[in-house]
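This one's a predicted model, so the numbers in the text were calculated from it and none came from an experiment. Heavy atoms only: backbone and side chains are in, while hydrogens, waters and symmetry mates are out. To find a chain, count down the sequence lines: A is the first, B the second, and so on, and within it residues start at 1.
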There are 2 protein chains.
Amino acid sequence: MRANIKDVSQAAGVSIKTVSRVINNERYVRPATRARVEEAMAALGFQPSQAARALAGGRSFQIALVCSNPGPYYLHGLIGGLRGRCAAEGVRLIVHAYETETDELGADVLGFFRQMGFDGAILTPPIADNEPVLDELERAGTPYVRISPGAQLDRGPSVSIDNEGAARAMTRKLIDLGHRRIGFVVGHEGFSVSRQRLDGYLNALRECGVTSDGALIRQGWFDFRSGQAAAEQLLALKERPTAIFASSDDMAAGVLSVAHQQALRVPRQLSIAGFDDTDLASLVWPGLTTVRQPIREMAEKAAELLFSGSDERVVMPAELIERASTGPRPA
Amino acid sequence: MRANIKDVSQAAGVSIKTVSRVINNERYVRPATRARVEEAMAALGFQPSQAARALAGGRSFQIALVCSNPGPYYLHGLIGGLRGRCAAEGVRLIVHAYETETDELGADVLGFFRQMGFDGAILTPPIADNEPVLDELERAGTPYVRISPGAQLDRGPSVSIDNEGAARAMTRKLIDLGHRRIGFVVGHEGFSVSRQRLDGYLNALRECGVTSDGALIRQGWFDFRSGQAAAEQLLALKERPTAIFASSDDMAAGVLSVAHQQALRVPRQLSIAGFDDTDLASLVWPGLTTVRQPIREMAEKAAELLFSGSDERVVMPAELIERASTGPRPA
DNA sequence: TTGAAAGCGATACCAA
DNA sequence: TTGGTATCGCTTTCAA
């Protein structure tokens, strides 16, 4: 049987409260006593029960990461960014990935949060904008940090990039390169960043006096396949775009794959731009520019806000990354 | 304050034991009684405390996924495959991603497992081969399922693919295409699958009477950069390989990116092969063949084994995926 | 089919 | 600096 706190207290000849003090690194324990207790703990291979600590202490030593249908790089960046701080704080990371499609209202997530007091939560779109979920969290007194919120903006701490601004800058860059027909692949409808990025694109066109053409705007779903589908449609237009801006990395990769296929016949005529949670996609097409969304750094920052109890709203810089200075220009 | 089981029992006019029976869906509760209790639970917004259930019941309602430096697709596949079953079983998924490099012995993981009884664990390489960790798990009576184990093979349930066989088949395919100088990028040294895949490559060469050349074999670390580095070295050889087989998807993508760069000068002379946790990389190079490791399906299977208590050792089929039937042949 | 009461293993207030 | 003891909210015998 596993040793418990009582066994340790007896072995060390102290009360359980003193053992508890040692476990929690509290003050008011004489060094000699502490040493004796630690010795006993080691000898018995004692590890405190998380369940008991959670019940008695009202802390679960767990935080939740909630995200919907995350792409591989996004998920990887989030977990990579959270990992270190969680370990340092002695806290477990519960990953709750759920289907947006089958649970539009977030009922699943609501149930998830009602079930037990987490010590904190990291929320990503679109659940980050879900009012009932935020209400529930606040009611339960669970601190949370939102990543890229798009609604309820005056509510609690968050980390984001300036999506509209980044998309605008990217579009302007394409315009500066001489492009006038720029295809745009919109992200998933349920995510507010999709709208923000589209707005950036439209605003840049308007500001630069470029007429926008609805035929150049295609709905995507943040995934590879929808990027492919959009690219196929765009490249089949009578008046082809000379550049395509896909508003996520998976979609950009989809566009890229189509471009590669078509490049067998029409090589490298196309500028491609994308939002990017990594730098993988940015290396396989000469005329590629991406807005790097520093998702890992955003997650790190989110962890920092969560554990420090800050309620800052942090906007991180998004970097425009050009792989080839010799990107193609339209004929 | 949150309602607890006692509040419910009073509201429903029954004992807490009866409420407990309802919570746990036990038999021997009269339908009418059950209905009354459920009504009271709903009225009070009652949700049982996980901590209390865990403490009293000896179950944590949590399983752990332990993996080291997982690549984006691998991680995504694992979580995607585990998600559904966990939700169905009412169990949380704790993701413990750790650094292989800073913790060669798995001490971190050992501490992790000692801390609390999980209801189960999914282990990936290289920790899946760590004897002390397996010992600890068995001592604590925590069921586990290993993915792609490479040691302690007669121990507990597992899910894998035939890595040696798949690598051999792939190599033979390249040989059949006429390739004689086939570069190979080895995976991370700490992972037994790396050795298995290398063996498959070497065995195929031997069986087909192709002389193996040490200069064509490069050490990689399963990541993009090491794939690039290896490709650069291989393509700088006096006697260039006509094909490169990278034994992971991230490395294959790295090889690909270098090939694309060089293709500006020497277009599409190279066959590329890779192991693949997705199908993304397989779409951007005409002469690409991959062994698809069905990691998501493997994770699903692992969850099934874990929750059913089976101790099967499942070997899943790995598929050879050719994107372009017109893959290049050496001159 | 239901209930009373004894834990589970920590935390935390209040004394000493 | 330490210790006694109530307490957290549920599960689980054992009776009834």
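At a threshold of 4.0 Å, the pair Glu297(B)-Lys301(B) does not count as salt-bridged, since none of the basic side-chain nitrogens sits closer than that to a carboxylate oxygen. Salt-bridge check for Arg155(B) with Asp135(B): passed, with a basic side-chain N closer than 4.0 Å to an acidic carboxylate O. Ionic pairing of Arg36(B) and Glu39(B) is not present here: no N-O contact between side-chain nitrogen and carboxylate oxygen is shorter than 4.0 angstrom. Ion pairing between Arg296(B) and Glu300(B) holds under the 4.0 Å rule for side-chain N and carboxylate O.
A straight line from CD1 of Ile16(A) to P of dT7(D) spans 15 Å, rounded to a whole angstrom. At whole-Å resolution of the value, CZ in Arg27(A) and P in dT1(D) are 9 Å apart. Regarding Gln10(B), its CD atom lies at a distance of 18 Å from the P atom of dT2(C), rounded to whole Å. For the pair Asn4(B) CG and dT7(D) P, the computed distance is 13 Å after rounding to whole Å. Rounded to an integer number of Å, the gap from Gln50(B) CD to dC8(D) P is 19 Å. Between Leu55(A) atom CG and dG9(C) atom C1' the separation is 9 Å, expressed in whole Å. dT12(D) atom C1' lies 9 Å from atom CD of Glu26(B), rounded to whole Å.
Taking 4.0 angstrom as the limit, Asn24(A) places a side-chain polar atom (N or O) nearer than this to OP1 or OP2 of dT11(C). Taking 4.0 angstrom as the limit, Ser49(B) places none of its side-chain polar atoms (N or O) nearer than this to OP1 or OP2 of dG9(D). Regarding contacts with the backbone of dT11(C), a side-chain N or O of Ser20(A) is found under 4.0 angstrom from either OP1 or OP2.
For Lys17(A) and dA12(C), a side-chain-to-base donor-acceptor distance below 3.5 Å is present, hydrogens and geometry of angles not being considered.
Counting heavy atoms from C-beta on, the side chains of Arg53(B) and Pro48(B) come closer than 4.5 Å. The closest side-chain heavy-atom distance from Tyr98(A) to Ile127(A) is below 4.5 Å.
In this model, no donor atom of one side chain and acceptor atom of the other lie less than 3.5 Å apart for Gln50(B) and Gln62(B).
Here the closest non-hydrogen pair linking Ser148(B) and Met298(B) is OG-CE, 3.8 Å. Closest non-hydrogen pair, Ser194(B) versus Phe222(B), comes out as OG-CZ, 3.5 Å.
Comparing dG3(D), dT11(C), dC10(D) against the side chain of Ser15(A) picks out dG3(D) as the nearest.
Comparing Thr18(B) and Lys6(A), the nucleotide of DNA chain C nearest to each residue sits closer to the 5' end for Thr18(B).
Across the helix from dT1(C)-dA16(D) to dA16(C)-dT1(D), the helix axis at one end is tilted relative to the axis at the other end by 20° (nearest 10 degrees, each axis from five pairs).
Looking at residues 30-45 of chain B, you'll see that no heavy atom sits under 4.0 Å from any atom of DNA chain D.
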